[in-house]
Amino acid sequence: MDSLYGIFLYAIYLLTMGGIYAVLVMGLNIQWGFTGLFNAGIAGFFAVGAYTSAIISTASSGRHLGGLSLPLWASLPGAMIASALIAWAVAWICIRLRSDYLAIATLGIAEILRLVLKNEDWATNGARGISRIPKPFEDLPEPWNQIAMLLLVLAILLVLYLLLERARRAPWGRVMTAIRENEAAARAAGKNVEGFRIEAFVLGGALMGLGGALMAHHVKFIDPNMAEPLSTTFIVWVMLIIGGSGNNKGALFGAFLVWTLWSTSEIVTTRLPAEWELKSAYLRFFLVGLALQIILQRYPAGILKEHRPIGK
Amino acid sequence: MKKSFLITGAAVVATGISSAFAADIKVGSAGGITGPIPDLVAPMMAARDLAAKHINEQGGLLDGDNYMLVKGDSKCDAKGAVDTGQKLVNVEQVVAIIGPNCSGATIGMAESVTIPAGVVILSESATAPSITDLEDKGLVFRNAPSDAYQGAALADMVMESGYNKVAVTYANDDYNKGIAEVFEAAFKSGGGMITASAEHEPEKASYTSEISTLSRSGAEALMVFAYYGSSGTTIIRNSLENGLFDMFFGADGMRNEEIITDIGADNLRGKIMVSAPSSDTESSSYKMFAEEFSAAGEDPSAVYTPGSYDAAFLMALAIEKAGGTDRGAIAEALMEVANAPGEAIMPGQWEKAKAAIAAGRDINYQGASGSIEFDANGDVAGTYSLSVIDNNGKWVEK
Amino acid sequence: MNELIGFVNFHLIPGIVLGSIYALGAIGLTLTFGILRFANFAHGETMTLGAFVALVVIDLTNWHVLATLPFAMLLTVLTVLVMDRLFFRPLRTGPTVILLIASFGLMLMMRSAIQIIWGVDLETLSKGLAIPWVLFESLRIFPKHLLIVGAALLLMLGVHGLLRHTPIGKAMRAMSDSPELARMTGIDTERVVMATWITGAVLAAAAGVLLAYDTHLDSRMGFRVLLPIFAAALLGGLGRPYGAMAGGLVIGVAEELSTYSWIGDGPLVSPGYKSGVAFAIMIALLIWRPSGLFRGRVF
């Protein structure tokens with residue numbers, strides 16, 4: 001196979017994954033960037049979305065719930081609804097908490113969700129996960145199947161971006177910013193602060209569910225390990241903060257940038273001299289961490305700043 | 001000046017990315033280098049490298065080409081495996097992949113990357129029964145027997161050792177849970193009694209409370225299905241220190257020297273037996289591997305390492321047999337070089353194998369981990385044996 | 001009677017031991033939070049570092065585990081101070097979420113560095129089995145457990161003394177309560193921050209060494225206990241060291257008691273859900289008291 005063609009395929013994959021992460025980051029941007037809700041349980045909503053779409057779209061296997069074999073137009077909305085419902089329940093319990101308490105509470109809830117997915121075999125096949133999840137367009141010849149998947153992700157991303165930009169400029173978005181910047185004033189102006197917060201939390205949760213569903217279809221397999229906080233929650237936070245919290249363009253940019261850094265760093269570290277062989281995999285994450293520090297110090301407000309005056 | 005610098009730079013990058021050195025034949029070596037079981041994976045990667053070293057010392061592949069293993073970190077997770085698989089297949093342009101280690105990672109990489117790309121993968125440690133059913137177009141192989149074999153074999157062996165009432169604890173991951181389920185079913189149908197069974201969440205600091213609840217069920221022994229590092233050692237330690245159990249059985253995830261150095265050979269001798277794919281340590285194949293691997297400063301009793309060596313060696317044989325770097329031809333050749341009939345080739349005998357292939361003779365690799373005969377699903381049947389701790393504080397087959 | 005002894009031996013005592021270790025970790029975390037206002041994700045790796053320094057000292061000298069504590073603490077403190085200087089100080093004027101992300105990056109870096117230096121294998125500080133003292137023919141007390149709980153208590157007393165009776169401790173409390181006010185009254189912020197890192201690192205190193213002493217150590221041990229430690233710190237109320245002590249004990253004991261057969265013969269909570277117990281308690285408490293157990297108290 002031609003090596004340029006290989007790099008082309010890898011680039012498509014890289015963009016597809018970056019796009020899926022971008023959906024997650026946009027979800028977080030609604031919660032944190034617009035409204036100031038510190039959700040550290042992204043992995044939980046991600047997993048609910050992924051499992052829901054897996055259950056809706058797989059053929060019957062006898063090992064987990066499902067057997068509906070429904071297509072994408074059912075599994076993606078289904079995943080969003082399931083995640084939104086869970087997000088609504090979480091918001092109902094936690095929305096009054098101060099930001100850092102909210103962070104750790106959501107982190108805890110995500111862990112509990114992961115344990116449920118791992119322990120309730122009848123529904124999820126437990127630790128063994130769900131395989132044979134259909135991937136959209138997989139019957140097309142290569143590379144069109146991969147290009148089509150990428151286009152699907154990018155189209156979803158574009159729609160989300162346009163909708164969110166609109167919402168951000170609309171009165172709804174301005175109330176959100178007001179709540180983030182000065183909760184007391186928003187309350188004094190007669191706004192139902194809790195209600196708006198719950199809305200933002202649920203909306204963000206739904207997008208995270210969508211991201212999870214896309215990931216499940218893309219990888220074609222899902223197990224509870226994919227809901228580990230490290231590879232899902234933290235990396236999405238890093239993407240948002242680096243890209244520029246509160247700015248949808250920043251969220252997109254951060255997702256693609258950080259994912260590219262995360263993935264391509266391995267290509268570099270495997271080229272280290274032989275005595276580094278195995279250690280290069282460990283070194284890779286050292287370098288990723290270091291790159292993160294450098295970017296943070298150079299762009300403390302994110303690479304693309306929010307277009308509004310920042311309060312504190 | 002600046003322009004020429006740029007061109008040189010581009011050339012360097014291009015050299016790095018494509019295989020510009022015609023003398024390198026790249027094969028992916030994917031494994032969970034980081035992730036939850038880095039300690040188990042490290043010696044497996046070393047064993048694969050040892051095979052590559054032997055091959056390159058004895059003339060290399062085809063026309064003296066360098067057998068180059070490109071490492072990929074699959075993180076023991078499907079998402080990580082897909083990521084590293086994409087890079088191995090498309091960027092590194094490997095002709096085949098050895099690994100990944102964990103079952104979830106293997107399914108993810110196979111379904112999403114390597115099957116569509118037509119790249120053959122051979123894992124030495126992915127043991128989930130569900131891998132058998134993958135629609136893999138003959139591209140997914142493993143030289144570790146499915147858990148279904150080990151659980152059943154262990155049930156027989158425990159009963160033969162005279163234990164009929166056991167309690168079971170298993171780490172809640174795909175590997176350990178799979179074996180535990182098969183074991184329980186086989187043990188019951190063989191007339192044994194499971195007095196209590198409970199999963200445990202790996203990576204906790206203490207398991208005293210879980211084991212004490214199990215110990216009150218009147219069992220004669222405790223079945224520990226866990227990786228030694230993430231919970232197995234702690235469970236044995238907690239049990240012995242508190243006098244809760246004094247007889248343990250485990251599967252191959254427990255077979256590691258660390259558990260002996262940690263708890264002490266004298267404290268464990270006669271109290272623990274673990275099953276592992278019987279590599280028939282008396283066979284000259286295993287001895288050859290064990291000697292070389294020890295000489296490289298590694299532990300040949302580390303779980304799956306003989307299989308790792310075999311996987312890397314088999315893949316090289318397949319490339320040699322295919323006579324080139326065509327991915328499809330390599331996949332087809334893999335079964336031929338592993339299965340009987342043919343001239344027996346043992347670990348380290350690359351020159352002999354190369355000569356045989358050049359002469360057009362069939363070969364049949366007799367690996368360090370066993371004779372390795374793939375069935376139509378790309379699986380191998382398992383023979384298992386129990387290991388105990390000998391007077392030198394090493395694992396030996398009983 | 002047997003039931004009760006079993007309960008004490010196998011559930012309560014391990015719970016208290018684990019709880020003391022959680023408490024030590026949680027104090028450091030909560031102090032950093034109180035003064036610097038961010039959740040430090042690198043705290044687990046700081047614990048791991050302490051444990052590995054102890055391992056090096058034991059390999060070199062064969063001393064008792066507790067004798068390695070000063071070395072573990074010293075090296076951990078130095079590392080943490082360098083980290084602060086390089087990675088946290090330049091960001092301290094910005095929003096605190098940046099510090100949190102920086103701590104995440106640091107977590108990756110520290111773990112990788114530990115894996116590069118010491119590898120990924122399981123190691124142990126005290127080889128072999130511990131032999132318990134058996135009291136009243138059935139109560140089993142392990143000397144190592146007494147030492148762990150004792151050391152933890154001493155350190156907690158030390159923290160108490162520091163916060164109550166030293167000028168720097170009082171400044172730390174003041175700054176945790178109200179940073180603006182503290183600055184206005186002329187407290188040297190940098191000194192307080194440094195003291196906070198030192199205290200947190202000392203306690204984290206101790207928690208790591210004691211955890212390794214009780215079980216074993218490897219490159220991922222700190223991350224493994226990070227989430228329960230977060231739960232403990234939050235349970236006690238962030239920024240409240242005494243709350244963290246209580247929170248640590250509650251979480252440790254609750255995890256171990258959850259698998260006791262309170263009703264019937266089986267464990268109350270399936271052990272598969274054991275690590276969820278800490279969070280379930282935490283969330284239940286948050287519904288009842290949205291800012292933790294010790295919300296009203298000033299340190």
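Since we're looking at a predicted model, the values are computed, not measured. Chain naming here is simple, since letters A, B, ... match the order of the sequence lines and numbering starts at 1 in each.
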(message) Restricting to non-hydrogen atoms, name the atom on A:Asn39 and the atom on A:Leu28 that form the minimum distance, rounded to 0.1 Å.
(response) O-CD1, 3.9 Å
Compute the ring centroids of [X] and [Y], then answer whether they are less than 6.0 Å apart.
| X | Y | value |
| --- | --- | --- |
| A:Tyr21 | A:Trp262 | no |
| C:Phe88 | C:Trp197 | yes |
| C:Phe104 | C:Phe38 | no |
| C:Phe41 | A:Trp237 | no |

Heavy-atom proximity to chain A below 4.5 Å, by part of [X]:
| X | value |
| --- | --- |
| C:Ile98 | both |
| C:Leu106 | both |
| C:Thr93 | neither |
| C:Phe33 | side chain |
| C:Ile114 | neither |
| C:Val277 | neither |

(request) Examine the side chains of A:Arg284 and A:Ser265 and answer whether a donor and an acceptor come within less than 3.5 Å of each other. (result) yes
(request) State whether C:Phe223 and C:Arg111 meet the cation-pi test: NZ (Lys) or CZ (Arg) under 6.0 Å from the six-membered ring centroid, and within 45° of the perpendicular axis. (result) yes
Where on [X] is there a heavy atom nearer than 4.5 Å to chain C: the side chain, the backbone, both, or neither?
| X | result |
| --- | --- |
| A:Ile104 | both |
| A:Leu287 | neither |
| A:Leu115 | both |

(message) As an exercise: rank C:Leu86, C:Ile101, C:Leu100 by heavy-atom pairs under 4.5 Å with chain A and give me the winner.
(response) C:Ile101
(request) Give the member of C:Ala280, C:Gly94, C:Ala102 that has the highest number of heavy-atom pairs under 4.5 Å with chain A. (result) C:Ala102
(message) Can you tell me which of A:Gln297, A:Arg114, A:Glu111, A:Lys118 forms the most heavy-atom pairs within a distance under 4.5 Å of chain C?
(response) A:Gln297
(request) Using a cut-off of under 4.5 Å on heavy-atom pairs, state which of A:Ile112, A:Ile294, A:Ile242, A:Leu102 scores highest against chain C. (result) A:Ile112
(request) Inspect the surroundings of CZ in A:Arg187 and state if more than 12 heavy atoms from other residues, nucleotides or ligands are less than 6.0 Å away. (result) yes
(message) Is any side-chain heavy atom of C:Ile281 closer than 4.5 Å to one of C:Glu255?
(response) no
